Amino acid sequence: MRAEDGRQLRVEWAGDPNGRPVFLLHGMPGCRMGPRPRDMVLYQRRTRLISYDRPGYGGSDRQPGRRVSDGIRDVVAVADRLGVDRFAVVGRSAGAPHALACAALLPERVTRVAALVSLAPVDAEGLDWYEGMAESNIDDFRTAVRDPEGLARRLIPRSEAIRTDPAHLIEALRDELTDDDLRILSDTGLRSMLLRTYVEAVRRSPYGWIDDALALCSPWGFDPAEVRTPVLLWHGRRDPFSPASHAAWLAARMPRAHSVLEPAAAHFAAFRALPRALRWVVDGAPA
């Protein structure tokens, strides 16, 4: 489909076509094909899961200079095209701030939001943004802040390596992964789905990844304190890529936030938490 400014957007939905609509916003690098429950599970829960490639990823055209808040225009365009008025939103990792943008800026349309392993804004007052973060992320995000062209020079060859060998990204992070994350990534089905996601994410261009990193390290275009929609903040205490202190900072500023912190979990445990997050946004079930 086309966005309001004429860009092409690649959209996919799964589950019950008459079910309760939920947008699933992918991580970084990622795409619409990211890990999710099987169609039969979505049918049983009367859920219609809608996903799309953020600009520059997969089949969606790039949107240079985009901010986190700009994502709401594409969410609205997709919802309108599909005839969806009210909907919930779930975002994982880099998709989580984009989900919070929907909560803050679309209160008349968004019912509930779940933000899994979210970062806080880079200008978060009182938060040491890099404390507890893996060195690979620190290097990339600091480069994004100081030298955007340098970030592109880093991520372009990484994207080329992923197109050749999609396991490259996981192997490059192996030394920073916790035992829990390694167990999760050893699941053959999940790993296969994740590798397909990485390949599709950078199939046409590395700039979805580049622009995501730049957007996360720039002003988001909204204040999380503006969020009045019910929000689930799910996080693993041992997450080295999105430190748990970020979720604590967000929870302290959103009056209707429900926070879940799993002591032994890390970053990729968000895949394991996704079914519970979907039940929470659709049924209000305990998270």
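As the structure is a prediction and not an experimental result, all values here were calculated from the model.
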### Message
Quick check on the 6.0 Å ring-centre criterion: do H168 and Y198 meet it?
### Response
no
### Query
Can you tell which of R54, R7, R66, Q63 makes a side chain to side chain donor-acceptor pair (under 3.5 Å) with D74?
R7
### Message
Walk me through whether N137 and Y130 qualify under side-chain hydrogen bond (donor to acceptor under 3.5 Å, both in side chains).
### Response
CA-CA 9 Å; N137 266 21; Y130 295 106; over 6 Å; no
### Task
Report the C-alpha distance between E131 and S245 in whole Å, list the side-chain angles of each, state the deciding distance to 0.1 Å, and finish with yes or no for side-chain hydrogen bond (donor to acceptor under 3.5 Å, both in side chains).
CA-CA 8 Å; E131 184 178 6; S245 56; 5.9 Å; no
### Task
Locate the shortest heavy-atom distance separating D70 from G65; write the atom from each residue and the value.
OD2-O, 4.3 Å
### Query
Going through the checks in order, is the side-chain contact (heavy atoms from CB on, under 4.5 Å) test met by E176 and S136?
CA-CA 8 Å; E176 296 175 328; S136 61; 2.5 Å; yes
### Task
Taking T197 for its side chain and C31 for its backbone only, find out whether a donor-acceptor pair lies under 3.5 Å.
no
### Task
Identify whether V11 and L24 are in the same connected component of the hydrophobic contact network (ILVMFWY, side-chain heavy atoms under 4.5 Å).
no
### Task
Applying side-chain hydrogen bond (donor to acceptor under 3.5 Å, both in side chains), run through W234 and E262 and close with a yes or a no.
CA-CA 8 Å; W234 185 95; E262 290 200 11; 3.3 Å; yes
### Task
Search all heavy atoms of V110 against all heavy atoms of C102 and return the closest pair with its distance.
CG2-O, 3.7 Å
### Query
Between the side chain of D53 and the main-chain N/O of G59, is any donor-acceptor distance below 3.5 Å?
yes
### Task
Could you walk me through whether R142 and D147 pass salt bridge (charged side-chain N to carboxylate O under 4.0 Å, His left out), step by step?
CA-CA 8 Å; R142 282 187 169 154; D147 182 12; over 6 Å; no
### Query
Do the side chains of L119 and Y57 join up, straight or via other hydrophobic residues, at under 4.5 Å, putting them in one cluster?
yes
### Task
Look at the aromatic rings of W280 and H258 and report parallel, tilted or perpendicular, splitting at 30° and 60°.
parallel
#### Entry: Chi angles and distances behind the side-chain contact (heavy atoms from CB on, under 4.5 Å) call for V90, R36
CA-CA 11 Å; V90 177; R36 63 193 180 202; over 6 Å; no
### Task
Under the side-chain contact (heavy atoms from CB on, under 4.5 Å) rule, what do R20 and R46 come out as? Steps first, then yes or no, please.
CA-CA 6 Å; R20 291 160 292 187; R46 297 179 52 245; 3.7 Å; yes
### Verdict with reasoning, D283 to R112, per salt bridge (charged side-chain N to carboxylate O under 4.0 Å, His left out)
CA-CA 10 Å; D283 299 322; R112 283 187 163 207; over 6 Å; no
### Query
L194 and F268: which non-hydrogen atoms are nearest, and at how many Å?
CD2-CE2, 4.1 Å
### Heavy-atom closest contact (V89 atom, A99 atom, distance)
CG1-CB, 3.6 Å
### Message
Looking at every heavy atom in both L49 and P37, which two are closest together, and how far apart are they?
### Response
CD2-CD, 4.4 Å
## Note on the structure
In short, A94 meets M28 closest at the heavy-atom pair CB-CB, 3.4 Å
### Task
Report the C-alpha distance between R163 and S159 in whole Å, list the side-chain angles of each, state the deciding distance to 0.1 Å, and finish with yes or no for side-chain hydrogen bond (donor to acceptor under 3.5 Å, both in side chains).
CA-CA 6 Å; R163 284 194 289 271; S159 298; 5.2 Å; no
